Amino acid sequence: MLEELKKIEQQALAALKGIEDEAALESWRVAHLGRSSPLMEAFKSLGKLSKEERPAVGQRANQVKLALEAALEERAEALKQAALSASLASERLDVTLPGRALPRGGLHPVTQTLRRITAIFAQMGFQVYRSRDVETDEYNFQLLNFPPHHPARDMQDTFHTTVPDVLLRTHTSPGQIHAMREYAPEPIRVILPGMCYRYEQINTRSEIQFTQVEGLAVGKNITFGDLKGTLADFARRFFGPQVRSRFRASYFPFTEPSAEMDIECFVCGGEGCSVCKGTGWLEILGSGMVHPTVLRNGGYDPEIYTGFAFGMGPERLTMLWYRIEDIRYFWQNDLRFLEQF
Ligand code: 2U9
């Protein structure tokens, strides 16, 4: 029997040498230390031995059992270490390697334009004045010299709400009335960025929702010259110090006199191209001296105070700047488009 135990131990230890993974180790444990392993069979057959032989064989069997269990433990530890160094080797972290760059978001191109515009006017002393998107017909039209049934209203097809005379603003101009009534008769310089809504056919050039930036300066002895100087300087700061600009007479119900402002086409340098439709000039904004009626509606006496105002479309400026052909890109949330800015 002792010989038998010796062979059991040697065979078990020999078999253990070839074990290379956890699973094989578990089947070794079952084969050599399990209930039906030769060693356990030896333990079960102790009872059949003579009482002389039993203690030595029993002791020897325990030694073999302890030796096999120790060898199993050692092999398990060795396999674990081997697995760890293998994973360390394969997953060796080269800390000098740059980290995986987290995809960085960015500001929407129109927001970037909006912030450039408000930053320029802030440098000129204009404070940003935010106002509501839902307005009354009185503030969005009547107080701005659009009497009921005025044809100019048709130029601004409106989203009306189920509440009579409550609508989505078609321009940020009603906000200027709020600003004037809040500060009158103090002189003010405000810039009003915000979302506007017009019930129009959506196509490459117009959307039902768009941003606008309007501005207003009211005080004593504010002249058309102040308007031209301020806006010409804006154009230089936005489009570049060399840009040339011009004013063309125009009409808006809330300003008199009114003018649209063009800059020399920065694509063709004024020669004429598809972007400026051969004119060499690009219209960038509308402006004018605040109409006396509108000044009065704002709480300013037009005999004492004058003011100039202007309005521009950041989508339009962004399309000009980046030669974007279709305004709808701004609202499609297509990352292929947005991540270019
Ligand atoms: C008050 C007084 C005067 C704001 C003005 C414009 C001219 C203008 C257009 C620009 C691009 C609208 O989105 S757009 O098509 N706006 O051309 N806006 S003067 O005049 C005001 C507004 C409010 C109390």
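No experiment lies behind these values; they were computed from the predicted model shown. Whatever order the structure lists ligands and atoms in, that order sets their numbers, starting from 1.
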Counting only nitrogen or oxygen atoms and a 3.5 angstrom limit, does Thr255 reach ligand 1?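 There is no such contact.
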For [atom], what's the nearest protein heavy atom and its distance?
atom	value
atom 14 (S) of ligand 1	Gln212 NE2, 3.4 Å
atom 3 (C) of ligand 1	Ala309 CB, 3.2 Å
atom 17 (O) of ligand 1	Gly286 CA, 3.0 Å
atom 4 (C) of ligand 1	Glu214 OE1, 3.4 Å
atom 10 (C) of ligand 1	Gly311 O, 3.0 Å
atom 5 (C) of ligand 1	Phe254 CE1, 3.4 Å

Establish, from distance only, whether the side-chain atoms of [X] and [Y] form a donor-acceptor pair under 3.5 Å.
X	Y	result
Thr170	Asn140	yes
His171	Glu135	no
Arg29	Ser37	no

Is ligand 1 under 4.0 Å from a heavy atom in the side chain of Ser258, in the backbone, in both, or in neither?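 No part of Ser258 comes within reach of ligand 1.
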Less than 4.0 Å is my threshold; does some heavy atom of Gly298 fall inside it relative to ligand 1?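 Contact absent.
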Met180 near ligand 1 by a heavy-atom separation under 4.0 Å: yes
Does atom CZ of Arg248 have more than 12 heavy-atom neighbours, drawn from other residues, nucleotides or ligands, at distances under 6.0 Å? yes
Parallel, tilted or perpendicular for Phe337 and Tyr329, by the 30°/60° rule?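 Ring orientation of Phe337 relative to Tyr329: parallel.
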Below 4.0 angstrom, N of the basic side chain to O of the carboxylate: do Arg198 and Glu207 qualify? no
Run the numbers on Ile284 and Phe239 for side-chain contact (heavy atoms from CB on, under 4.5 Å), then give the verdict. CA-CA 11 Å; Ile284 59 166; Phe239 293 98; 3.9 Å; yes
